[in-house]
Amino acid sequence: MTAGAQDVTGLLLSRIRDVPDYPKPGVLFKDITPLLADPEAFGALTGVLAGLCSAHGATKVVGLEARGFILAAPVAVHAGLGFVPVRKAGKLPGATLRQAYELEYGTAEIEVHAEDLAADDRVMVIDDVLATGGTAEASIELVRRAGAEVAGVAVLMELGFLPGRARLEQALEGAPLTALITV
């Protein structure tokens with residue numbers, strides 16, 4: 001890691017607040033709202049993620065509901081790329097592609113507008129946190145079902161004690177997975 005990358009990582013880490021026992025006892029929640037409120041930290045994060053889009057030849061950025069929208073939209077603007085939201089099922093009007101995925105207790109579904117991605121698109125998937133990998137894996141499947149290629153997945157923070165990375169390895173088919181911070 002270069003000195004510049006270490007500086008950015010340190011800046012980002014310094015703006016993530018630990019909230020004990022939230023949302024339930026025993027959980028240490030990583031709150032990114034102080035990072036978003038700091039224009040220097042948020043700008044640095046946006047710049048790093050936009051650089052990843054460029055390095056991996058992305059033509060579009062997908063953001064995952066809901067905090068992924070907050071990160072991915074300014075990254076798309078910074079990188080000069082289109083932004084495509086992946087939303088919970090039933091939130092997008094018109095024709096959509098839908099993908100189910102497993103949760104700890106049950107299933108959920110996400111959707112994307114089919115016409116927002118094309119066969120010549122290379123898509124960078126961006127989210128705030130990689131935990132179990134279910135939502136990211138489902139979004140990768142949606143991108144491919146729309147006919148586009150996955151350029152990579154980038155997250156602000158990876159919860160290294162959960163199996164998200166291992167779950168995504170096969171789904172990524174060699175595309176890169178970048179976590180700026182691992183906790």
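Because only heavy atoms are used, hydrogens play no part in the values below, and waters and symmetry mates are left out as well, while side chains stay in.
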Supply the atom-to-atom distance [X] [atom1] to [Y] [atom2], rounded to the nearest 0.5 angstrom.
{"X": "E141", "Y": "I110", "atom1": "CD", "atom2": "CD1", "answer": "10.0 Å"}
{"X": "L172", "Y": "R167", "atom1": "CG", "atom2": "CZ", "answer": "12.0 Å"}
{"X": "L35", "Y": "S14", "atom1": "CG", "atom2": "OG", "answer": "8.0 Å"}
{"X": "T33", "Y": "R67", "atom1": "OG1", "atom2": "CZ", "answer": "10.0 Å"}
{"X": "T178", "Y": "L52", "atom1": "OG1", "atom2": "CG", "answer": "5.0 Å"}
{"X": "Y101", "Y": "I140", "atom1": "OH", "atom2": "CD1", "answer": "13.5 Å"}

Compare every heavy atom of [Y] with every heavy atom of [X], then report the nearest pair and how far apart it is.
{"X": "M124", "Y": "A151", "answer": "N-CB, 4.3 Å"}
{"X": "A136", "Y": "L168", "answer": "CB-CD1, 3.8 Å"}
{"X": "L162", "Y": "A131", "answer": "CB-O, 3.6 Å"}
{"X": "L11", "Y": "A44", "answer": "CD2-CB, 4.0 Å"}
{"X": "A114", "Y": "A146", "answer": "O-CB, 4.4 Å"}
{"X": "A76", "Y": "F83", "answer": "CB-CB, 3.8 Å"}

Strictly distance-based, threshold 3.5 Å: is any side-chain N or O of [X] a donor or acceptor partner for the main-chain N or O of [Y]?
{"X": "R98", "Y": "L142", "answer": "no"}
{"X": "D121", "Y": "A118", "answer": "yes"}
{"X": "S54", "Y": "G51", "answer": "no"}
{"X": "E65", "Y": "K88", "answer": "yes"}
{"X": "K60", "Y": "D116", "answer": "yes"}
{"X": "H56", "Y": "V123", "answer": "no"}
{"X": "T59", "Y": "R122", "answer": "yes"}

Query raised in the report: More than 12 heavy atoms of other residues, nucleotides or ligands under 6.0 Å from OH of Y22: is that the case?
Result: no

Query - Residues, nucleotides or ligands: over 12 heavy atoms within 6.0 Å of E102 CD - result: no

Query - Full working for side-chain contact (heavy atoms from CB on, under 4.5 Å) between V150 and R144 - result: CA-CA 7 Å; V150 176; R144 290 194 177 118; 4.0 Å; yes

Are [Y] and [X] connected in a single hydrophobic cluster, I mean Ile/Leu/Val/Met/Phe/Trp/Tyr linked by side-chain heavy atoms less than 4.5 Å apart?
{"X": "F69", "Y": "V125", "answer": "no"}
{"X": "V48", "Y": "L156", "answer": "yes"}
{"X": "V183", "Y": "V129", "answer": "yes"}
{"X": "F161", "Y": "I181", "answer": "yes"}

Do [X] and [Y] have side-chain heavy atoms sitting under 4.5 Å apart?
{"X": "L117", "Y": "V143", "answer": "yes"}
{"X": "K30", "Y": "D18", "answer": "yes"}
{"X": "V19", "Y": "R17", "answer": "yes"}
{"X": "M157", "Y": "T182", "answer": "no"}
{"X": "L45", "Y": "L12", "answer": "yes"}
{"X": "L64", "Y": "V62", "answer": "yes"}
{"X": "V155", "Y": "L71", "answer": "no"}
{"X": "L130", "Y": "L177", "answer": "yes"}

Report task. Show the numbers, then the answer: is there a side-chain contact (heavy atoms from CB on, under 4.5 Å) between R165 and E158? Result -> CA-CA 8 Å; R165 182 171 291 269; E158 177 180 354; 2.8 Å; yes

Query raised in the report: Would E137 and Q170 count as a side-chain contact (heavy atoms from CB on, under 4.5 Å) if you check the C-alpha gap in whole Å, the side-chain angles of each, and the deciding distance to 0.1 Å?
Result: CA-CA 9 Å; E137 182 181 41; Q170 185 174 3; over 6 Å; no

Report task. State plainly whether the residues E111 and K91 are in salt-bridge range, i.e. N to O under 4.0 Å. Result -> no

